[in-house]
Student: 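One structure follows; several queries about it will come next.
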Amino acid sequence: MNVLIVGGSGGIGWALCKTLSTLPNVTVMATYRQGVPKEAEDYSDIVWLPLDVCEPSQYAPLVEGITEVLSGVQDKGVEQPARLDWVINCVGQLSIDQAQPEKNLKSIEAERFAKAMQVNTLPTLLLAQYLQSLLRRSTAPRFATISARVGSISDNGLGGWYSYRCSKAALNMALKNISIEWGRLMPNSCTVALHPGTTDTSLSKPFQANVPEHKLFSTDKTARLLIGVLMSLQRENNGQFLAFDGSLIEW
Ligand SMILES: NC(=O)c1ccc[n+]([C@@H]2O[C@H](COP(=O)([O-])OP(=O)(O)OC[C@H]3O[C@@H](n4cnc5c(N)ncnc54)[C@H](OP(=O)(O)O)[C@@H]3O)[C@@H](O)[C@H]2O)c1
């Protein structure tokens with residue numbers, strides 16, 4: 001199985017890379033922006049490719065990089081065309097430009113709102129656009145982005161966090177749309193939005209004070225749970241918003 005983790009250097013992304021790389025017959029490719037994790041030296045099988053998801057010009061070179069990594073792979077002595085089986089986008093930002101998420105309308109700032117959409121929403125569409133031909137060669141393609149329960153409109157009881165909530169709600173719509181288009185094009189594909197649960201990473205650090213200990217997951221736990229969800233996906237899960245325990249979240 002060939003897997004691409006987008007944002008492999010982040011808390012959840014890196015845990016997914018490590019866990020997947022220990023499974024048999026899995027090739028893990030991962031993207032980084034600023035640098036690869038220090039621990040990456042101990043996982044030399046993981047192949048790293050550069051990608052700033054906010055730079056549209058970097059997607060075509062990413063496809064070239066993946067194709068190069070996968071070229072020459074043989075099955076029963078026959079060279080196979082490059083193929084991706086799973087893509088998991090783990091890139092996301094909550095605090096934009098060091099600013100805490102908005103508590104009220106007064107704190108909305110146009111540029112930060114646009115940046116939230118640029119980093120949390122648009123990249124999933126560009127990844128789908130650029131990676132479609134590689135995923136199409138898989139017998140059971142899986143395409144997932146880590147969303148967030150706070151992107152659910154029906155679950156929103158607290159308000160606040162305007163840019164993050166709006167960008168994740170828009171991300172969810174993007175994933176739903178992709179699932180419909182690919183449901184026709186690749187009937188065995190599954191496209192989902194995933195909620196990881198509150199996970200101990202740099203993104204959640206400033207907001208952990210009121211989270212009960214048992215509700216704050218380690219990145220390794222989250223990775224195990226999300227891989228379990230992805231492994232158990234069936235055709236009917238296409239286009240769903242799923243939590244770390246496989247339960248359905250309403251849009
Ligand atoms: N942690 C939680 O409790 C929680 C809860 C719900 C949802 N989520 C979602 O889970 C996902 C992963 O978050 P995390 O908790 O693992 O956060 P994290 O540790 O801060 O990781 C975020 C990743 O995004 C990357 N990134 C940011 N901007 C980028 C850009 N322009 N181009 C490429 N990469 C970029 C970062 O790369 P650099 O290192 O290069 O900056 C980093 O790898 C996010 O979508 C987040 O919204 C997290």
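Here the structure is a predicted model, which is why all the values come from computation and not from measurement.
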Student: Are R235 and P187 close enough that some pair of their side-chain heavy atoms sits under 4.5 Å apart?
Tutor: yes
Student: Begin with the C-alpha distance, continue with both residues' side-chain angles, and end with the deciding distance and a verdict on side chain to side chain contact (heavy atoms under 4.5 Å, CB included) for V91 and R33.
Tutor: CA-CA 10 Å; V91 169; R33 177 179 58 151; over 6 Å; no
Student: Treat each ILVMFWY residue as a node, draw an edge where side-chain heavy atoms are under 4.5 Å apart, and state whether L20 and Y32 are in one component.
Tutor: yes
Student: Please check if the side chain of E250 supplies one atom and the backbone of D155 the other of a donor-acceptor pair under 3.5 Å.
Tutor: no
Student: Any chance you could measure Y164, atom OH, to E102, atom CD, to the nearest 0.5 Å?
Tutor: 12.5 Å
Student: Determine whether S95 and P101 make a side-chain contact, defined as any pair of heavy atoms from C-beta on separated by less than 4.5 Å.
Tutor: yes
Student: Side chains of I108 and L105: closer than 4.5 Å at any heavy-atom pair?
Tutor: yes
Student: Check whether R165 reaches the backbone of V150 with its side chain - one donor and one acceptor, N or O, closer than 3.5 Å.
Tutor: yes
Student: Around atom CD of E111, are there more than 12 heavy atoms from other residues, nucleotides or ligands closer than 6.0 Å?
Tutor: no
Student: Return the minimal non-hydrogen interatomic distance between S147 and P196, and the atom names on each side.
Tutor: O-CD, 3.9 Å
Student: Do any N or O atoms from the side chain of S204 and from the backbone of T199 form a donor-acceptor pair under 3.5 angstrom?
Tutor: yes
Student: Does D45 have any salt bridge (Lys or Arg N to Asp or Glu O under 4.0 Å) partners at least two apart in sequence or in another chain, and if so, which?
Tutor: none
Student: Donor-acceptor check, side chain of N2 to backbone of R83, threshold 3.5 angstrom: yes or no?
Tutor: yes
Student: Should N172 and I153 be marked as a side chain to side chain contact (heavy atoms under 4.5 Å, CB included) after you check the CA-CA gap, both sets of side-chain angles, and the distance that decides it?
Tutor: CA-CA 10 Å; N172 290 347; I153 293 173; over 6 Å; no
Student: If you take all heavy atoms of N188 and R142, which pair is closest and at what distance?
Tutor: O-NH1, 3.9 Å
Student: How long is the gap from CG on N89 to CG on L51, to the nearest 0.5 Å?
Tutor: 9.0 Å
Student: Look at the side chain of T31 and the backbone N and O of P50, then say whether any donor-acceptor pair between them is shorter than 3.5 Å.
Tutor: no
Student: Is there a side chain to side chain contact (heavy atoms under 4.5 Å, CB included) between I96 and F113? Walk through the geometry before answering.
Tutor: CA-CA 9 Å; I96 307 273; F113 182 89; over 6 Å; no
Student: Can you hop from M173 to L248 via hydrophobic side chains spaced under 4.5 Å?
Tutor: no
Student: Counting only heavy atoms not in E181, do more than 12 sit closer than 6.0 Å to its CD atom?
Tutor: no
Student: If I compare all heavy atoms of S167 with all of A116, which pair ends up nearest, and what's the gap?
Tutor: CB-O, 3.6 Å
Student: Indicate, with yes or no, if L233 and L135 share a hydrophobic cluster defined by side-chain heavy-atom contacts under 4.5 Å among Ile, Leu, Val, Met, Phe, Trp and Tyr.
Tutor: no
Student: Can you tell me how far the CE atom of M29 sits from the CH2 atom of W86, to the nearest 0.5 Å?
Tutor: 13.0 Å
Student: I want to check something: taking the side chain as every heavy atom from C-beta on, are L242 and I249 in contact at a cut-off of under 4.5 Å?
Tutor: no
Student: May I have all residue pairs that pass ring-ring contact (aromatic ring centres under 6.0 Å, His included) and include part of residues 219-243, sequence neighbours excluded?
Tutor: F241-W251
Student: Identify the heavy atoms of N120 and G92 that sit nearest to each other, and give their distance.
Tutor: OD1-CA, 3.2 Å
Student: Check the hydrophobic clustering (I, L, V, M, F, W, Y; side-chain heavy atoms under 4.5 Å; chains of links allowed) and say if L62 and V28 are grouped together.
Tutor: no
Student: Does a side-chain heavy-atom distance below 4.5 Å link W14 with I46?
Tutor: yes
Student: Nearest heavy-atom pair of G8 and P37: which atoms, and what distance?
Tutor: O-CG, 4.2 Å
Student: Would I146 end up clustered with V87 when hydrophobic side chains under 4.5 Å apart are linked, directly or stepwise?
Tutor: no
Student: With side-chain hydrogen bond (donor to acceptor under 3.5 Å, both in side chains) as the rule and sequence neighbours excluded, what pairs involving residues 236-246 come up?
Tutor: N237-Q240, D245-S247
Student: Scan residues 120-154 for pairs that pass ring-ring contact (aromatic ring centres under 6.0 Å, His included), counting only residues two or more places apart or in two chains.
Tutor: Y59-Y130, F143-W182
Student: With rounding to the nearest 0.5 angstrom, report the CG to CG distance, N177 to L125.
Tutor: 8.0 Å
Student: Please collect all salt bridge (charged side-chain N to carboxylate O under 4.0 Å, His left out) contacts where either partner lies in residues 205-232, sequence neighbours excluded, each pair once.
Tutor: K18-D220, D200-K205
Student: My understanding is that only residues two or more places apart in sequence, or in another chain, count here; which of them pass side chain to side chain donor-acceptor pair (under 3.5 Å) with T19?
Tutor: none
Student: Atom OG1 in T139, atom CE in M1: separation rounded to 0.5 Å?
Tutor: 11.0 Å
Student: Identify the residue among L23, D85, V26 that makes a side chain to side chain contact (heavy atoms under 4.5 Å, CB included) with V3.
Tutor: V26
Student: Of all heavy-atom pairs between A170 and M117, which one has the smallest distance, and what is that distance?
Tutor: CB-CE, 3.7 Å
Student: Step by step, would you call I12 with L203 a side chain to side chain contact (heavy atoms under 4.5 Å, CB included)?
Tutor: CA-CA 10 Å; I12 295 172; L203 178 143; over 6 Å; no
Student: Give a yes or no answer on whether the side chain of R137 reaches the backbone of A82 with a donor-acceptor pair at less than 3.5 Å.
Tutor: yes
Student: For the atom pair NZ (K168) and OG1 (T145), what is the distance rounded to the nearest 0.5 Å?
Tutor: 8.0 Å
